[in-house]
Amino acid sequence: MSTPEKKAPSNMDELLDGLWKQNPIFVMVLGMCPTLAVTVSAINSISMGLATTFVLAASCLLVSLLRNAIPKEVRIASFIVIIATFVTVVDYAIQAISLDLYEALGAYIKLIVANCILLGRAEAHAAKTPPIPATLNAFGMGIGFTIGLLAIGGVREILGAGKLFGISLFGPHFQPWVVMVLPPGGFFVLACWLIVFAWFKQNKANKSKPQQGCHTTPTTEGSRA
Amino acid sequence: MNHDTVWQILLNTVLPGNFVLAMFLGMCPFLGVSQKLSTAFPMGLATAFVIMVASLSAYFLNILLVHFHLEFLSVITFITVIAGAVQLVEMFVKKYFPVLFRALGIYLPLITTNCAVLGVALFQTARQYDFVQSVAYSAGGGAGFTLALILMAGLRERLQLADVPQLVQGAALSLMLGGLLSLAFMGFAGIGGGE
């Protein structure tokens, strides 16, 4: 998946869109199932993120190429079949590369099909854009998703196991917060990240119009999922 | 291959192994449609129905796929069948409950991309459940999903009157609630006799 970096600025914007401005996890709050389920450790998060990135970029490319050939009535079904095809590819590829990883991620690799980000991107963006910007946008979204997963997985692994990428950080006397690697930890860590992001946004909004009181700045995240 | 009894599976999927709170399946509607009890309950029922249909079709599809050695097509066939089932439910709700149809909005067709539905099909295949076990698994899963949605909606209705800091409002607050519920459900661990 090589991306031509020296493109027109509009393409660059497409690529960067998903990294920050429309980050799928922290801004759009999409694709929560894998986000919370596999982020027990940093390495799981990265592999899940990369797998999703590949599926996202490949299926958006294909959707974009076929966008004039697919009748409007059956577009959702066609998108899903395209996505499912690439997910099957990734599923078998991971099984071939590392069996340990395959067992750690379990059925959640196959569940990439049901990730809202994929269908959302295919429907809202790739179906209306030419192949190159569509792929770049999808790639950016995927990287943004990976960064989000890593942010959650890193925190959970550090607190829940005292390690990062399997390397012990605090020595043998560290008492791990077991709850962080259990399901509730996923909810709490993601909630904390969302609060951090909301705080950043509020600070920025306050700085841009310093005369007004902070109560007038509506910075709440839309509660869509 | 798998010797769990029906009751074990049922209890396990409703309480300690709740689809939403322990396995993170179906997070989108859990966060999106849990604002009001009046929409959360029908949404839960609709999803439970789709889960049931998906599980049954996945069971027979899987027999077919194994027979023809086409296991690699499982994801594609499952998701296509699920998309069909969702379309059916959507048409049914639109015809007989138009008010509900408008209230559920985009989330009704999104049942297709609900991980819980595909999750049931994939997990029951992975665990090699037989027919009765699959039915119990999907019934428990649907009931658990509905339960989680109702609990969440109840909590969020209460919190609408609470004075929550502006920073925490929205998705962050819902996730905090989800975390607390999940913590509570961990108290049920072991109730179904384990895996």
Side-chain angles (χ1 to χ4, degrees), chain A residues 26 29-38 76-77 80-81 83-85 87-89 91-92 106-120 179 182-199 201-202 214-215 217-225, chain B residues 18 20-35 72-80 82-84 87 106-107 109-110 112-119 121-123 125-126 156 165-186:
Chain A
F26 296 127
V29 198
L30 282 177
M32 288 293 107
C33 310
T35 307
L36 295 172
V38 300
I76 301 280
I80 285 203
V81 172
I83 293 167
T85 312
V87 169
T88 310
V89 171
D91 190 44
Y92 278 83
Y108 289 98
I109 304 170
K110 287 183 183 141
L111 282 175
I112 295 178
V113 183
N115 192 329
C116 321
I117 299 171
L118 292 158
L119 199 59
V179 72
L182 292 173
F187 283 107
F188 290 137
V189 173
L190 180 56
C192 292
W193 275 116
L194 287 181
I195 294 170
V196 169
F197 269 71
W199 183 70
K201 244 191 215 168
Q202 198 176 46
C214 55
H215 292 292
T217 51
T219 50
T220 47
E221 307 271 321
S223 70
R224 42 183 305 241
Chain B
N18 190 290
V20 180
L21 298 169
M23 294 170 77
F24 301 117
L25 298 173
M27 292 302 302
C28 298
F30 179 66
L31 297 175
V33 207
S34 60
Q35 244 137 10
F72 63 90
L73 284 178
S74 60
V75 178
I76 300 179
T77 46
F78 287 172
I79 195 80
T80 315
I82 290 168
Q87 201 82 50
I106 181 72
Y107 287 101
L110 273 185
T112 311
T113 50
N114 186 330
C115 321
V117 179
L118 187 63
L122 292 175
F123 279 111
T125 314
R156 281 181 74 174
Q166 215 180 11
L167 276 179
V168 191
Q169 274 171 18
L173 182 64
S174 315
L175 283 165
M176 281 286 180
L177 280 179
L180 291 175
L181 273 180
S182 167
L183 210 53
F185 269 62
M186 274 175 57

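A, B, ... follow the sequence lines: proteins, then strands. Residue 1 opens every chain.
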Okay, A:L190 and chain B: the region with an atom under 4.5 Å from a heavy atom over there is both
Residues passing the ring-ring contact (aromatic ring centres under 6.0 Å, His included) test with B:F185, sequence neighbours excluded, are B:F188
Tightest non-hydrogen contact, residues A:K110 and B:L118, listed as O-CD2, 4.0 Å
Cut-off 4.5 Å, heavy atoms of chain A, and the answer for B:M23 is both
Exercise. Hey, are the side chains of A:T85 and B:I76 touching, using non-hydrogen atoms and a 4.5 Å cut-off?
Worked result: yes
Among A:I80, A:L111, A:V113, the residue with the most heavy-atom pairs under 4.5 Å to chain B is A:L111
The interface call for A:A37 against chain B, heavy-atom contacts under 4.5 Å, is both
Okay, B:F72 and chain A: the region with an atom under 4.5 Å from a heavy atom over there is both
When rounded to the nearest 0.5 Å, the distance separating CE of B:M186 from CG of A:L182 is 4.5 Å
Walk me through it: do B:V168 and A:W199 pass the test side chain to side chain contact (heavy atoms under 4.5 Å, CB included)? CA-CA 9 Å; B:V168 191; A:W199 183 70; over 6 Å; no
Pair count under 4.5 Å, heavy atoms only, with chain A: among B:S182, B:A126, B:A184, highest is B:S182
Turns out that what part of B:V117 lies under 4.5 Å from chain A's heavy atoms comes down to neither
In this structure, CD1 of A:I109 is separated from CG of B:L122 (nearest 0.5 Å) by 11.0 Å
Applying a strict 4.5 Å limit to non-hydrogen atoms, the region of A:L118 in contact with chain B is neither
In short, B:L175 meets A:A191 closest at the heavy-atom pair CB-CB, 3.8 Å
Across all chains, not counting sequence neighbours, the ring-ring contact (aromatic ring centres under 6.0 Å, His included) partners of B:F24 are A:F187
Scanning both residues in full, the closest heavy-atom pair of A:A84 with B:V75 reads CB-CG1, 4.2 Å
Honestly, the part of B:L180 sitting under 4.5 Å from a heavy atom of chain A is both
